[in-house]
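The structure under discussion appears below in the form of C-alpha cells.
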Amino acid sequence: MDIALIGYGYWGQIVSNYIKNHEYFCLKKIYDTQKRNEKIFTNDINEIMTDNDIEAIYIASPVSTHFDLIKMGIENGKYIFCEKVLVNNKEELEYIKKNYIDKIIETNYIYTDSNSINYIKNILSEIGKIKYIEGELRQFGSFYKDSDVYSTIGCHLISSIMYIFNTNDIEVSFENLITNNGLALKGSIKGELNKKIPFLFNVDLLYNEKTRNIILYGTDGILYFNPINENYTIKLIKLDSINNKIIEEKEFYFNEKDNINLSLKRFEEVLEKKRKPNIDMSIKISEILINE
C-alpha cells in the first residue's frame, strides 16, 4: 500500500527508514516544510492529498497540525496513522467524535505494541488482584517546543495501563512541579483505574538519564516492566502474603528495539480488518490531557 509520511523532523526521519523497509507499505512521498531536491520529498501537501495512489498517510508532525491534516486526509479518502496525541484541542476533538468515529484513524501509542507489555497483559492474573500501580518516565527533552511532559511521555504510561486492563474507565489528575512558558516539564499523574486501582506516575523532561518503568502490585506478587534494562524487561515476583516472603522470582527479556515495526504491523492489521482502530482509547487520552 502506498503511504505518505507527513513531517520530517526528529521522529519523522526515524520513522521514514522503517516505512522504507516495510513489506506492506511503500513510502511514496514525504512532506517537509523545507524544500528538498530528492524526488520523494514535497513541500506541497496537496500533492499528497490529491494523489489517488496514496491510500494512507502517517502524520509525524507537531500535535497542533494533527487536526487539519486528519481532516484533509479523511476528506481525500486517506487512511490515517497519527503520532500521539491525536489532538489537544477540545473543539477539534469534538469534531472528530462527531464526524470521524467510524473512519480508520489509528494513533501510535507505541507502548501498546511492546512485546513486554503484551506479555504482562497475558500473565497479569499470576499476581492476583491488582492493588496499586506506579511508574516513571524521565528523560532530557528540551527539544519538545510545543508539548508538555504529559502529552510527550506521560501519555505512554496512561495508554499502557488502559491497554493492559482493556479499559477506558480511568480518572486522572495532574500536579505540575516545574513549568516553563506555561508548559509542564516535570510533574505527577495520579488517578484510579476501573474505580478501584490507584496509580501514580512521575514524569520528567529535565532528567539527565532516561528511565522507564511500570510496577504493578498484586495480592500475590509484583510485576516490574523496564524496557531499557539490558538484563530483563519483565520481572515477576510471586509472594506468600501470609508469611510475607518471596516464593518465586522470574525474569523475562523481550526485544524492545523493534516497536516501530510492530506499530506499523498494527496499522497494517487495522487496514486488513484483523483488529479495530484504537480510536476510542485515543479520544479518551486526548480528553484527559485537554482537561488537564
Side-chain angles (χ1 to χ4, degrees), residues 1 3 5-27 30 56 58-61 81-85 106-124 133-144 147 149 151-164 201-205 207-216 223-236 250-271 274-275 278 281-282 285:
M1 178 182 289
I3 189 170
L5 174 64
I6 300 177
Y8 199 64
Y10 167 77
W11 187 246
Q13 291 177 40
I14 293 173
V15 166
S16 67
N17 292 321
Y18 283 87
I19 301 176
K20 287 175 183 176
N21 293 313
H22 202 270
E23 294 181 355
Y24 186 83
F25 295 107
C26 175
L27 184 57
I30 300 173
Y58 188 131
I59 300 173
S61 54
F81 192 49
C82 185
E83 276 301 327
K84 53 82 183 168
V85 293
E106 185 77 359
T107 306
N108 190 20
Y109 284 106
I110 199 166
Y111 272 44
T112 64
D113 299 306
S114 157
N115 286 319
S116 299
I117 290 290
N118 279 278
Y119 192 72
I120 286 172
K121 185 171 181 160
N122 290 332
I123 66 169
L124 191 62
I133 306 169
E134 67 180 9
E136 65 174 7
L137 263 68
R138 304 178 192 272
Q139 66 188 48
F140 187 74
S142 60
F143 48 89
Y144 295 108
S147 188
V149 67
S151 57
T152 301
I153 55 177
C155 61
H156 286 307
L157 294 167
I158 296 170
S159 65
S160 294
I161 60 172
M162 290 175 67
Y163 176 73
I164 289 170
F201 298 139
N202 293 305
V203 289
D204 192 341
L205 289 176
Y207 204 63
N208 65 332
E209 295 179 5
K210 182 179 285 188
T211 65
R212 303 276 190 271
N213 65 68
I214 299 173
I215 307 171
L216 301 105
L223 272 166
Y224 297 87
F225 166 65
N226 186 332
I228 58 176
N229 189 307
E230 294 181 357
N231 299 313
Y232 61 85
T233 54
I234 300 172
K235 179 179 281 190
L236 168 63
K250 294 180 181 178
E251 294 178 354
F252 307 90
Y253 181 83
F254 292 92
N255 178 16
E256 292 292 328
K257 297 180 180 179
D258 198 38
N259 289 346
I260 298 176
N261 271 331
L262 293 175
S263 67
L264 289 169
K265 181 65 177 177
R266 167 166 46 90
F267 188 40
E268 174 189 336
E269 290 176 354
V270 167
L271 296 174
K274 295 179 180 178
R275 64 193 297 171
N278 65 1
M281 182 180 75
S282 301
I285 293 174

*Which atom pair, heavy atoms only, marks the closest approach of I228 to K210?*
CD1-O, 3.2 Å
*Sidechain-backbone polar pair: T152 side chain, V149 backbone, donor-acceptor under 3.5 Å*: no
*Please state whether the rings of H156 and Y109 are parallel, tilted or perpendicular, taking 30° and 60° as the class boundaries.*
perpendicular
_Taking L205's backbone N and O only, do any of them form a donor-acceptor pair with Q139's side chain (distance below 3.5 Å, no angle check)?_
no
*Parallel, tilted or perpendicular: which describes the rings of Y24 and H22, with under 30° parallel and over 60° perpendicular?*
perpendicular
*Closest approach of L5 and G12, non-hydrogen atoms and distance?*
CD2-O, 3.4 Å
_Please check: side-chain N/O of E256 versus main-chain N/O of S116, any donor-acceptor pairing under 3.5 Å?_
yes
*Would you check if there is a donor-acceptor pair between the side chains of T112 and S159 at a distance under 3.5 Å?*
no
*Ring centres of F25 and F267 under 6.0 Å apart?*
yes
*Report the distance from atom CD1 of I260 to atom CH2 of W11, rounding to the nearest 0.5 Å.*
3.5 Å
*What are the two closest non-hydrogen atoms of L262 and D113, and how far apart are they?*
CD1-O, 3.2 Å
*Just wondering, do N108 and R266 contact through their side chains at under 4.5 Å, heavy atoms?*
yes
_Euclidean distance, Y8 OH relative to I30 CD1, rounded to 0.5 Å_ = 5.5 Å
_I'd like to know whether L27 forms a side chain to side chain contact (heavy atoms under 4.5 Å, CB included) with Y58, so could you lay out the CA-CA distance, the side-chain angles of the two residues, the decisive distance to 0.1 Å, and finally the verdict._
CA-CA 10 Å; L27 184 57; Y58 188 131; over 6 Å; no
*Does K265 have any salt bridge (charged side-chain N to carboxylate O under 4.0 Å, His left out) partners at least two apart in sequence or in another chain, and if so, which?*
E268
_To the nearest 0.5 Å, what is the distance between CG on L223 and CD1 on I120?_
5.5 Å
*Using modelled atom types only, decide if a donor and an acceptor are shared between the side chain of E136 and the backbone of N213 within a distance under 3.5 Å.*
no
_Between Y253 and E230: side-chain donor-acceptor atoms closer than 3.5 Å_ = no
*Out of curiosity, M162 CE to N278 CG, how far, rounded to the nearest 0.5 Å?*
9.5 Å
*In sequence, state the C-alpha distance, the side-chain angles, and the governing distance for N229 and K235, and then conclude on side chain to side chain contact (heavy atoms under 4.5 Å, CB included).*
CA-CA 11 Å; N229 189 307; K235 179 179 281 190; over 6 Å; no
*Would you say the side chains of N118 and Y163 form a donor-acceptor pair under 3.5 Å?*
yes
_Could you report the tightest heavy-atom contact between L157 and L137, atom names first, then the distance?_
CD2-CD1, 3.2 Å
*Closest non-hydrogen atom pair between D204 and I153, with its separation*: O-CD1, 3.6 Å
*Under 3.5 Å, side chain of T233 to main-chain N/O of F254, donor-acceptor pair present?*
yes
_Go through it in stages, so that I can follow the logic: the residues are V85 and T107, the test is side chain to side chain contact (heavy atoms under 4.5 Å, CB included), and I'd like the CA-CA distance, side-chain angles, deciding distance and then a yes or no._
CA-CA 7 Å; V85 293; T107 306; 6.0 Å; no
*Report the distance from atom CG of L216 to atom OH of Y224, rounding to the nearest 0.5 Å.*
10.5 Å
*CA sep, side-chain torsions, deciding dist, call: F225, S160, side chain to side chain contact (heavy atoms under 4.5 Å, CB included)*: CA-CA 11 Å; F225 166 65; S160 294; 5.7 Å; no
_From OG (S282) to CD (E106), nearest 0.5 Å_ = 6.5 Å
*Where is the tightest heavy-atom contact between E83 and A60, given as atom of each residue plus distance?*
CG-CA, 4.0 Å
